[in-house]
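In listed order, ligands and their atoms are each counted from 1. Throughout, residue positions are numbered sequentially from 1 according to the sequence presented. Any value given below was found using the heavy atoms of this structure, including those in side chains, with hydrogens, waters and symmetry copies removed.
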Amino acid sequence: MPDTPKDDLCHVTILGTGSYLPEKVLTNADLEKMVETSDDWITSRTGIKERRIAAPGEATSDLGTKAALKAMEEADIGAEEIDLIICATISPDTFFPSTACYIQKNLGAKNAVCFDISAACAGFLYALQVARHFLNTGNRKTALIIGAEKLSVMVNWEDRNTCVLFGDGAGAAIVQSREKSDRKIIASVMGSDGNQTAILSVPGGGSACPITPANANEKLNTISMQGREVFKHAVNAMRDASMQALERAGLTAADVAMVIPHQANARIIEAITDRLGIPAERTFVNLHKYGNTSAAAVAIALDEANKSGAIKPGDIVLLVAFGAGLTWASTIIRW
Ligand code: UT7
């Protein structure tokens, strides 16, 4: 279901984007030495060639802060002008306080209200939509939204089914309300399905299953996924969310200059864009470099599309994501 009134009270615009990827590169060849896998399998089944791994002393908030500083630089916004910080993450620095609060401290953004959003790979688009609501009501003026993940700490590096898929990184955007702006969010769709929690989760470590030496040994505090099931849901949910957002915006797939989808698997992206009728040259893909960085993936891709000139002023851009929960979201922006 579309989740916002048809007419926004103001225009909500993205003023700047940023991203940060840790220096360490883990290639498929490196993984061949760790588990029984091959570059050929990983490339043909996922499209991933390498991913980034954060340093031991580098927390999710450190990645998010670096991405945020770049977004602030492009937007020409100072830390004290930011009055809302939302960090989407499933790998927070700590259970509490929120990672957004750590980022606030790092930036000196003393006027911001800060909280995290847990919506897995759809997290950045959830954050964008929540920020849009705050800005639309006039409650806040300038939001910093971040998708940041250090998934390497929750991957079972002995499980070839999952360890080849994920990476660390962060992306950010400065979002502001304007009376009128050509660059603006046009339409959004969000959805969730709590009946499918079991197909993608970290089962241990929370209140339902506190971590003990025994279950830590069984790796219950790492990512568990039924890949094929997730694949199916991902394709259907992202196709439907894209079509609903287009309909809400009064547009068709032919109007989309660039689709920036969640970066989990090249075959998932191809299945969605095939169904939408959007060709490869109008689809932004960077998962070969970073793998699946969950909440950070769309944010990093948006920044790379922006900085590389792949999206230009006036372009209709479709962002779409899907993740554990299940959660999904799509947003259409006139860039
Ligand atoms: O971010 C949102 C959430 N995540 C996703 O969207 C991911 C969704 N799922 C996927 O991307 C795919 O399902 C995977 C990439 C995870 C797996 O691809 P698949 O084509 O669905 O493979 P599969 O799980 O059905 O496994 C096929 C075979 C199995 O062997 P058998 O049982 O056929 O003998 C696996 O054991 O591939 C084997 N396999 C591997 N072989 C080499 C699984 N992982 C590996 C590996 N290297 N890393």
Side-chain angles (χ1 to χ4, degrees), residues 26-51 88-91 117-126 147-152 154-169 171 190-193 196-203 219 222-242 260-273 275 285-288 290-301 319-330:
L26 185 72
T27 64
N28 290 351
D30 295 328
L31 282 163
E32 283 176 354
K33 295 177 200 136
M34 296 161 62
V35 287
E36 201 182 325
T37 190
S38 65
D39 173 46
D40 187 47
W41 191 95
I42 302 170
T43 306
S44 63
R45 304 314 290 164
T46 72
I48 300 165
K49 297 299 280 184
E50 56 188 46
R51 65 290 290 144
T89 186
I90 49 166
S91 49
I117 280 185
S118 171
C121 306
F124 182 73
L125 294 187
Y126 268 49
E149 301 287 10
K150 186 175 177 179
L151 298 178
S152 56
M154 50 173 65
V155 163
N156 176 358
W157 290 103
E158 292 165 8
D159 175 16
R160 70 174 186 173
N161 290 294
T162 51
C163 76
V164 302
L165 304 173
F166 299 101
D168 301 334
M190 298 165 83
S192 312
D193 178 4
Q196 303 293 340
T197 50
I199 65 173
L200 180 53
S201 71
V202 174
K219 308 281 188 196
T222 63
I223 296 172
S224 151
M225 179 169 72
Q226 295 170 31
R228 275 188 200 174
E229 273 303 297
V230 174
F231 191 111
K232 238 173 23 200
H233 286 288
V235 171
N236 291 336
M238 284 197 275
R239 177 205 55 201
D240 292 350
S242 300
I260 303 179
H262 176 48
Q263 307 285 317
N265 186 317
R267 290 186 296 135
I268 294 179
I269 293 175
E270 215 179 290
I272 303 160
T273 50
R275 284 162 174 75
V285 178
N286 65 1
L287 60 80
H288 53 288
Y290 310 132
N292 180 352
T293 57
S294 192
V298 170
I300 296 168
L319 310 176
V320 62
F322 169 88
L326 305 174
T327 55
W328 57 88
S330 62

Any atoms of ligand 1 less than 4.0 Å from a non-hydrogen atom of [X]? List them with their elements.
| X | result |
| --- | --- |
| R45 | 20 (O) |
| N161 | 43 (C), 44 (N) |
| G227 | 8 (C), 9 (N), 13 (O) |
| A264 | 1 (O), 5 (C), 6 (O) |
| I268 | 6 (O), 8 (C) |
| V164 | 48 (N) |
| N265 | 10 (C), 11 (O), 12 (C), 15 (C) |
| F322 | 2 (C) |

Purely on distance, is any nitrogen or oxygen of [X] under 3.5 Å from one on ligand 1?
| X | answer |
| --- | --- |
| R228 | yes |
| N292 | yes |
| L165 | no |

Step-by-step side chain to side chain contact (heavy atoms under 4.5 Å, CB included) determination, L200 to I223
CA-CA 7 Å; L200 180 53; I223 296 172; 4.1 Å; yes
Please work out, at 4.0 Å between heavy atoms, whether the side chain, the backbone, both, or neither of V35 comes within that distance of ligand 1.
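It is neither; nothing of V35 touches ligand 1.
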Practice task
Identify the two heavy atoms, one from N292 and one from C121, that lie closest to each other, and give their separation to 0.1 Å.
Solution key: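 In terms of heavy atoms, the two residues are closest at OD1-SG, 4.0 Å.
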Look at atom 29 (C) of ligand 1 and say which protein heavy atom is nearest, naming residue and atom and giving the distance to 0.1 Å.
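Among all protein heavy atoms, the one nearest atom 29 (C) of ligand 1 is R160 NH2, 4.8 Å.
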Margin query: To check your reading of the model: name the closest protein heavy atom to atom 17 (C) of ligand 1, its residue, and the distance in Å.
Written below: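 Residue, atom and distance for the closest contact: W41 CH2, 4.0 Å.
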Original post:
Less than 4.5 Å apart, any side-chain heavy atom of N28 and any of W41?
Top reply: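 Heavy-atom side-chain distance check fails, nothing below 4.5 Å.
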Could you walk me through whether W157 and S152 pass the side chain to side chain contact (heavy atoms under 4.5 Å, CB included) test, one step at a time? CA-CA 9 Å; W157 290 103; S152 56; 3.9 Å; yes
